[in-house]
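Everything quoted here is computed from the prediction, not taken from an experiment.
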Amino acid sequence: MGMKDKFQDKSEQYQEQAKQKAQQGREKGQERGQQGQERGRQGQDPMRERDEETERMQREEEDRFAQDYDA
């Protein structure tokens with residue numbers, strides 16, 4: 001087997017490995033997407049809950065600040 005054949009074989013081997021890894025990545029991405037959808041169906045998003053909590057705290061703080069100036 002000549003040098004050209006060796007390089008060509010290696011190239012084909014690497015291309016096949018890359019295709020397999022890409023396929024595995026797509027499959028994992030789909031699994032994660034499904035898990036995310038299931039989690040969304042189970043309840044609210046934790047980030048959304050934190051945002052609502054933060055907004056509530058900010059409103060309370062603004063109200064207290066406004067009361068201080070009203071007095």
### Message
Within this structure, what is the NZ-NZ distance for the pair Lys21 and Lys28, rounded to the nearest 0.5 Å?
### Response
9.5 Å
#### Entry: Met57 side chain reached by Glu61 side chain, heavy atoms, under 4.5 Å
no
### Query
Do Gln24 and Gln20 meet the criterion of a side-chain donor-acceptor pair at a distance under 3.5 Å?
no
### Task
Nearest 0.5 Å please: distance from the CD atom of Gln15 over to the CD atom of Gln17.
11.0 Å
### Query
What is the distance from atom CZ of Phe7 to atom NZ of Lys10, rounded to the nearest 0.5 Å?
10.5 Å
### Query
Which of these passes side chain to side chain donor-acceptor pair (under 3.5 Å) with Arg56: Glu52, Glu53, Gln58?
Glu53
